[in-house]
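Below is one structure, written out as structure tokens; the observations come after it.
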Amino acid sequence: QVQLVESGGGLVQPGGSLRLSCAASGRTFSRYAMGWFRQAPGKEREFVAAIGRSGGTTGYADSVKGRFTISRDNAKNTVYLQMNSLQPEDTAVYYCAADRVVVTITADYWGQGTQVTVSS
């Protein structure tokens with residue numbers, strides 16, 4: 001069982017930055033691939049970024065490539081999402097997810113989400 005708690009969301013102006021954090025419970029954090037998803041009002045949840053168990057492999061949605069960076073600190077049981085050059089279309093609830101194999105929309109564990117609003 002893994003519990004995930006996101007933090008770091010908020011209101012930011014276009015062009016600004018935010019760093020999201022996702023703290024995981026348990027002693028087996030390093031056994032899980034981790035990812036970030038987001039869901040805007042009226043839209044389906046979509047993939048944002050993922051990172052492998054050791055942090056050596058990452059993947060990004062085309063819409064965020066070059067602007068967002070996912071990382072993890074296995075000693076702190078935490079995964080991060082650094083978001084730069086934020087745009088209004090990035091406004092959404094951002095969710096952290098964990099899975100023993102591959103992080104997809106059907107991942108085993110999910111956090112409660114944190115709101116990111118990009119607006120002037």
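- Minimum heavy-atom separation, Trp36 to Leu20: CH2-CB, 3.6 Å.
- Residue Ile70 holds its CD1 atom at 11.5 Å from OG1 of Thr57, rounded to the nearest 0.5 Å.
- A side-chain donor from one of Thr104 and Thr106 sits under 3.5 Å from a side-chain acceptor of the other.
- Heavy atoms only, all atoms of each residue included: Cys22 and Leu4 are closest at SG-CB, 3.8 Å.
- In this structure, OG1 on Thr69 lies 11.0 Å from CE on Met83, to the nearest 0.5 angstrom.
- Of all heavy-atom pairs spanning Asp90 and Arg67, the tightest one is OD2-NH1, 2.8 Å.
- Within the structure, salt bridge (charged side-chain N to carboxylate O under 4.0 Å, His left out) pairs that include any residue of residues 39-60 comprise Arg38-Glu46 (at least two apart or interchain).
- Note that CZ of Arg31 is 14.5 Å distant from CG of Asp99, once rounded to the nearest 0.5 Å.
- Ser120 meets the side-chain contact (heavy atoms from CB on, under 4.5 Å) test with Pro14; sequence neighbours excluded.
- When every heavy atom of Thr91 is checked against every heavy atom of Val118, the shortest pair comes out as OG1-N, 2.9 Å.
- Between the side chain of Ser25 and the backbone N or O of Gln3, at least one donor-acceptor pair lies under 3.5 Å.
- With Ser30 contributing its side chain and Thr28 its backbone, the two residues share no donor-acceptor pair below 3.5 Å.
- Of all heavy-atom pairs spanning Phe29 and Asn74, the tightest one is CE2-OD1, 3.1 Å.
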- Item | Derivation and outcome, side-chain contact (heavy atoms from CB on, under 4.5 Å), residues Asp108 and Val2 | CA-CA 9 Å; Asp108 291 335; Val2 176; over 6 Å; no

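- The CZ atom of Arg72 sits 6.0 Å away from atom CD1 of Ile51, with the distance rounded to the nearest 0.5 Å.
- For the atom pair CE of Met34 and SG of Cys96, the computed distance is 3.5 Å after rounding to the nearest 0.5 Å.
- Between the OG atom of Ser63 and the NZ atom of Lys65 there is a distance of 9.5 Å, given to the nearest 0.5 Å.
- By the neighbour-count criterion of 12 heavy atoms within 6.0 Å, atom CD of Gln87 is densely surrounded, having more than that number from other residues, nucleotides or ligands.
- Side chains of Ser17 and Asn84: a donor on one and an acceptor on the other come within 3.5 Å.
- Considering every non-hydrogen atom in both Thr78 and Ser21, the closest pair reads CG2-CB, 4.3 Å.
- Here ring pair (Phe, Tyr, Trp, His ring centres under 6.0 Å) pairs that include residues 42-91, with residues two or more places apart or in two chains, are Phe37-Phe47.
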